[in-house]
Each structure stands twice: as C-alpha cells, then as structure tokens.
Amino acid sequence: MATDDLDTRTRELDRAHVFHSWSAQALIDPVPIAGGSGTTVWDHAGTRLLDFSSQLVNVNIGHQHPAVVDAITAQAELLTTIAPSTANLARGEAAKRIVDLAPDGFSKVFFTNGGADANENAIRMARLHTGRDKVLSRYRSYHGNTGAAIAATGDWRRIPNEYARGHVHFFGPYLYRSEFWATTPEEECERALHHLRRVIEAEGPATIAAILLESIPGTAGIMVPPPGYLAGVRRLADEYGILLILDEVMSGFGRTGRWFAFEGHDVVPDLITFAKGVNSGYVPIGGVIISDAVAATFDERVFPGGLTYSGHPLAAASIVGALDAMQDEGIVENARRVGEDVLGPGLRALAERHPVIGEVRGEGVFWALELVADPVTREPVAPAVIGALKKDLMARGLLPFAADNRIHVVPPCVVTDDEVRRALDIYDAAFAAL
C-alpha cells in the first residue's frame with residue numbers, strides 16, 4: 001500500500017472506530033503519526049514534524065530511544081507479564097531506581113497504570129493514614145480522569161464528573177492573573193498562603209487528610225510557584241497534621257531540568273505521584289512514592305487497593321532502561337541547560353517582538369506562552385486564534401501543544417540547541433502571521 005494510502009487508511013480507521021478523549025467526535029481530525037525518533041515524528045508519507053508537545057508532555061527521553069526499546073525487548077523475550085502479588089526482578093529494580101532519586105525517608109513505591117490512578121491511590125493512602133476525609137487542591141490544576149482524581153482537578157473537566165466526595169478547592173499563586181490583588185511574587189506568595197490557611201480553618205483542619213498540588217501546574221498553565229510557596233504549604237500541612245501530596249506526573253523526571261520539580265522549592269512531601277516521564281510513556285505506568293511514615297501504616301494493616309497490571313514487567317523494564325539512560329547521558333542536565341541558555345531566552349525574545357505573548361513562564365523544557373488580545377487588559381485571545389496558530393505551526397513543521405489561550409513549549413529533554421533555534425524560528429514566523 002502506498003504511503004499516502006496508509007495515511008488515508010489511518011484516518012479512515014480512526015474516524016470509524018476510535019473514540020477520542022475530551023473531544024466532540026465529529027469535530028476532530030487527528031494527525032496521523034507513523035514513526036518517530038528523538039524530537040521528530042512523521043506520518044506514513046514522510047512529512048516530518050518537530051515534536052514540541054512531547055505528545056502529552058511525557059516523551060522526556062525522546063521517541064524510540066534505543067536503551068528503552070532494548071530494555072522492553074529483552075524483558076519481552078524473558079517474561080511478558082506476571083501478577084503483582086509475585087516478586088519480579090524488573091519491578092524491584094525499577095522501584096529501587098525511583099526511590100534512589102527521591103528524598104531521604106522514601107523507601108517504597110506503589111505502581112499504578114498511569115498518573116490518574118497514582119493520584120487516586122495517594123488520596124486513598126492519605127485518608128487511611130490520617131483517618132480524615134477531605135482533600136484540598138487548586139482550582140487551576142489537573143490530576144487525572146478517574147473518580148477522585150478528576151474531582152480533585154480544578155478546571156472545567158471536573159464539573160460533569162463530580163461523583164467523588166470530600167474535595168475542596170482553593171486558589172494557588174498565579175501573579176499574571178492574581179486572585180489576591182498582588183503586584184509582586186512576594187505579595188502573591190504571602191496572600192496565597194493566607195488564603196489557603198483560611199480555607200483550612202473554614203473547612204476544619206481535623207477533617208482534612210491531604211493537600212494535593214502539582215509541584216508546577218502543567219496543563220493548567222505551567223505556573224512556577226513563587227519562592228517560598230511550596231515550603232509555606234508544607235508548614236501549614238505540618239501545623240494541622242495534614243499530609244502533602246505533590247503531583248509530579250507531568251513535571252517529574254527531567255521536565256524542569258531536575259529529577260523532581262519540587263527539588264527547587266525547599267520542600268519534601270509525604271507522597272509523590274508520578275507517571276509520564278519516568279519511562280516517557282513507552283509502556284503505560286505510574287505510581288506513588290511513599291514516605292516511610294505513611295508506608296508503615298500498612299505494615300500490619302491491609303492496604304485496600306491494587307491493580308492487575310501494577311508493576312507490569314514490560315513497563316518496569318522500560319523504567320530501568322529510561323532512568324539509566326537519562327543518568328548516563330546527562331539528559332536531565334541537558335534539559336536544565338537548554339532551558340536556561342537557549343529556550344527561555346529565546347521565548348522571552350519572542351515576547352518582546354510579539355505583543356500577543358502576554359507572559360512567558362517556565363523552566364527546563366517546560367514553558368508556556370500566554371496569549372492575549374490586549375497586553376494591557378490581558379484579555380485572552382479567542383479560541384479561533386489558537387486554532388489558526390496550531391494549524392500554521394504544523395504547516396511550518398512543528399507539532400504544538402495548546403491549552404486554553406496558551407501555547408506550551410515542551411520538547412523532549414533530549415532536544416538540541418539547533419532544534420530549539422529551528423523551533424523558535426517557526427514560532428516567530430507563525431506569530432508574525434497572526
């Protein structure tokens with residue numbers, strides 16, 4: 001079959017039989033992807049796109065990294081699947097590599113199928129450990145699409161899915177659109193922490209099991225917390241006997257130029273949730289890194305949770321391959337250097353040339369461009385503007401990530417300086433054409 005015919009066939013099968021998430025099915029036309037390598041993907045006809053979406057901000061190690069492919073292949077030849085009640089070498093090696101990267105005081109990992117059920121089980125652990133019920137989380141957040149995870153989410157997607165109980169939302173820091181009339185990062189931090197304290201007091205501290213936060217909110221806008229905020233949340237949690245869960249599903253494993261995003265904020269949580277970058281999504285997996293104090297709760301008490309594919313050997317092998325390669329090849333350090341020296345400065349230069357870019361924020365290879373119709377009033381651009389921009393970027397050879405009135409600039413952590421410069425030229429041309 002000709003390559004063009006394969007792309008047509010891909011579209012036909014997708015339209016006929018695939019039901020897509022978060023979409024009105026008749027209004028979408030997904031781009032066919034047949035292959036990829038590093039930071040580039042292509043369709044069957046060979047049309048190449050720089051992947052500055054990292055798919056769903058998860059392909060941190062890049063597409064088709066041989067170390068990860070080889071690890072999966074070797075495990076498949078040895079043992080493709082086994083029940084989670086058994087002991088498996090790949091699973092144990094994966095868990096050890098993860099806890100070796102975690103702060104002191106973390107020795108155990110509970111494996112899940114992805115980030116949503118990682119948050120789901122972290123919430124369950126917190127409730128059982130504390131004997132309390134409520135979970136506090138931000139309005140601007142996304143924690144997954146399972147029962148408690150979607151109720152903990154702050155954006156519109158929770159509203160038609162609010163079937164879980166005991167969830168309370170609050171406003172986190174977001175200086176560009178401050179809820180607290182702040183004008184400096186220091187004011188935003190202080191006032192956001194005061195707001196959180198009042199929510200805790202009003203809800204009743206003795207009813208609150210956990211505060212669940214993305215270390216850096218991802219889909220909600222890549223809002224790096226101001227200095228002192230996460231440490232301040234930790235102090236509030238300690239004051240009231242509340243557990244702190246940090247969601248590192250999107251921000252973890254190199255995305256910010258650190259193994260965990262919270263490492264830059266003088267804070268250690270009680271539970272850490274992860275997925276995505278731990279193996280770049282080559283095989284579905286996620287999990288909860290459990291502090292020793294919480295893990296001890298279940299030494300003599302049954303943890304009432306489990307998944308058929310918890311710690312699946314193919315996924316576990318992919319973690320070992322990915323994390324070993326990331327360490328050996330300095331991939332996390334590359335993400336930090338690229339962000340500091342090339343990508344961050346380049347995006348800020350774009351903002352100086354294009355008034356539609358109201359704010360640039362991020363670190364590592366985790367950036368957002370917030371687009372505004374008016375830089376003074378900060379009115380967001382219309383959805384049609386984002387739609388046209390996405391189409392133009394793809395026509396120029398770049399696969400973008402868009403959310404609300406933002407373009408997220410989130411290439412794999414292996415991106416090179418030259419690839420960043422090429423992408424910046426594409427963004428520049430597309431913004432100039434608006």
Side-chain angles (χ1 to χ4, degrees), residues 84 91-112 114-137 143-144 148-149 152 196 200 205-206 208-216 225 229-253 256 258-278 285-307 310-311 319 323:
R91 185 187 297 143
E93 293 284 7
K96 183 179 187 305
R97 280 161 174 77
I98 291 167
V99 298
D100 282 349
L101 295 170
D104 291 341
F106 288 79
S107 303
K108 297 287 183 67
V109 177
F110 178 74
F111 286 112
T112 65
D117 47 346
N119 285 319
E120 197 84 28
N121 281 280
I123 289 169
R124 184 178 303 178
M125 290 174 188
R127 285 172 165 163
L128 292 169
H129 176 78
T130 62
R132 302 173 180 181
D133 190 46
K134 290 179 184 174
V135 175
L136 272 55
S137 54
H143 295 289
L196 177 55
I200 291 170
I208 300 169
I211 300 170
L212 170 62
L213 300 176
E214 293 169 277
S215 301
I216 298 176
Y229 179 73
L230 289 182
V233 175
R234 173 77 273 181
R235 288 191 296 272
L236 283 173
D238 289 342
E239 180 180 343
Y240 293 112
I242 298 167
L243 293 192
L244 177 60
I245 307 170
L246 289 185
D247 178 339
E248 291 267 342
V249 170
M250 188 175 285
S251 61
F253 295 98
T256 65
R258 297 183 294 272
W259 284 106
F260 295 105
F262 65 74
E263 292 172 351
H265 296 272
D266 190 30
V267 62
V268 175
D270 300 291
L271 296 163
I272 305 163
T273 59
F274 68 89
K276 293 187 183 284
V278 72
I285 197 165
V288 186
I289 315 173
I290 311 166
S291 66
D292 294 343
V294 175
T297 302
F298 305 101
D299 283 347
E300 305 294 334
R301 174 184 181 184
V302 172
F303 175 65
L307 303 101
S310 176
I319 290 175
L323 296 186

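Here the side chains of F111 and I319 are in contact, with some heavy-atom distance below 4.5 Å. Annotation: side chain of L307 is in contact with side chain of F110 (closest heavy-atom distance under 4.5 Å). Looking only at side-chain heavy atoms (C-beta outward), I245 and P269 stay at 4.5 Å or farther from each other. Taking 4.5 Å as the limit, every side-chain heavy atom of L243 sits out of range of all side-chain heavy atoms of S291. A heavy-atom distance below 4.5 Å is found between the side chains of V109 and V99. Side-chain contact between I290 and L271: present, with at least one pair of heavy atoms (C-beta onward) separated by less than 4.5 Å. Annotation: side chain of R301 is in contact with side chain of L128 (closest heavy-atom distance under 4.5 Å). Residues L136 and L196 form a side-chain contact, since some pair of their non-hydrogen atoms from C-beta on lies under 4.5 Å apart.
R127 and D133 get closest at one heavy-atom pair: NE-O, 2.6 Å. Considering every non-hydrogen atom in both A152 and L212, the closest pair reads CB-CD2, 3.8 Å. The minimum heavy-atom distance linking L101 with E263 is given by the pair O-OE2, 4.0 Å. The two residues A149 and A116 make their nearest non-hydrogen contact at CB-O, 3.7 Å. When all heavy atoms are compared, the tightest approach of L230 to S215 is CD1-O, 3.8 Å. Here the closest heavy-atom approach between residue V288 and residue M125 is recorded as CG1-SD, 4.1 Å.
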- Task: Take Y240 and I211 through the side-chain contact (heavy atoms from CB on, under 4.5 Å) test and state the conclusion after the steps.
- Result: CA-CA 11 Å; Y240 293 112; I211 300 170; over 6 Å; no
- Do S107 and D292 pass the side chain to side chain donor-acceptor pair (under 3.5 Å) test, and can you show the C-alpha distance, the side-chain angles, and the key distance before you say yes or no? CA-CA 6 Å; S107 303; D292 294 343; 3.0 Å; yes
- Given D100 and L323, is the side-chain contact (heavy atoms from CB on, under 4.5 Å) satisfied, shown in steps? CA-CA 11 Å; D100 282 349; L323 296 186; over 6 Å; no
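For R132 (side chain) and P205 (main-chain N/O), a donor-acceptor pair under 3.5 Å exists by modelled atom type. Between the N119 side chain and the H143 main chain, a donor and an acceptor come within less than 3.5 Å of each other. Side-chain atoms of R124 never come within 3.5 Å of backbone atoms of F303 as a donor-acceptor pair (strictly under, hydrogens ignored). Looking at R91, its side chain does come within 3.5 Å of a backbone N or O of G311 through a donor-acceptor pair.
To the nearest 0.5 Å, atom OG1 of residue T112 and atom CZ of residue F274 are 6.5 Å apart. Atom CD of residue E214 and atom CG of residue L246 lie 10.5 Å apart, to the nearest 0.5 angstrom. Note that OG1 of T256 is 7.5 Å distant from NE2 of H265, once rounded to the nearest 0.5 Å. Taken from CD1 in I285 to CG in D117, the straight-line distance is 10.0 Å, to the nearest 0.5 Å. Residue W259 holds its CH2 atom at 10.5 Å from CD1 of I98, rounded to the nearest 0.5 Å. We find the CD-CD1 distance between E248 and I272 to be 7.0 Å, quoted to the nearest 0.5 Å.
Under 4.0 Å is where a charged nitrogen must lie from a carboxylate oxygen, and between E93 and R97 at least one such pair does.
By the salt bridge (charged side-chain N to carboxylate O under 4.0 Å, His left out) test, K134 is found to be paired with E203, residues two or more places apart in sequence or in another chain being considered.
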